[in-house]
Amino acid sequence: MSSSRIEHVFYNAHSKVSHYVLRHTSHRLRSVIEHAVLGLAVCGFCVVILSHRTFVHREDIIASSISRTGDNNGQIINSCDGASSASSSVDDITTTTAAGGYYSLL
């Protein structure tokens, strides 16, 4: 099956379902469903933002990484084995830069 044929099949299916729903439901029911979906979308967006603030962008992690940036020429000592980690340094610089940009927006 070619791509245009599949698109045509999906369009026809969508059209039939849309017409069926429009004929067999009232305006009020569709309005309630649309508002419920909008409310769920807004709540979902809020959950994503709050989860990001809680688990990804925590101020205490940023503050501790900013205070350690200058240690050992920008290298952070890994607490597990005591060796310097270049990837931690890059992550630390990225976090510091992102933190500076984030706080400057507030």
Applying side chain to side chain contact (heavy atoms under 4.5 Å, CB included), name anything that partners V21, two or more places apart in sequence or on another chain.
V17, T25

S18: partners by side chain to side chain contact (heavy atoms under 4.5 Å, CB included), with sequence neighbours left out:
H14

Non-neighbouring partners of Y20 that pass ring-ring contact (aromatic ring centres under 6.0 Å, His included), sequence neighbours left out:
H24

Report the hydrophobic cluster partners of I49, with the cluster defined as I, L, V, M, F, W, Y residues connected by side-chain heavy atoms closer than 4.5 angstrom, directly or transitively.
F45

Does S15 offer a backbone N or O that forms a donor-acceptor pair with the side chain of H19 under 3.5 Å?
yes

Joining Ile, Leu, Val, Met, Phe, Trp and Tyr whenever any side-chain heavy atoms lie under 4.5 Å apart, the cluster holding L29 also takes in I33, V37

Taking only residues two or more places apart in sequence, or in another chain, which ones meet S26 in a side-chain hydrogen bond (donor to acceptor under 3.5 Å, both in side chains)?
none

Give the other cluster members for Y11, using side-chain heavy-atom distances under 4.5 Å between Ile, Leu, Val, Met, Phe, Trp and Tyr residues; answer none if it is isolated.
none

Not counting sequence neighbours, which residues clear side chain to side chain contact (heavy atoms under 4.5 Å, CB included) with H35? List them please.
S31

Residue set satisfying side chain to side chain contact (heavy atoms under 4.5 Å, CB included) with V42, at least two apart, ordered chain then number -> L38, C46

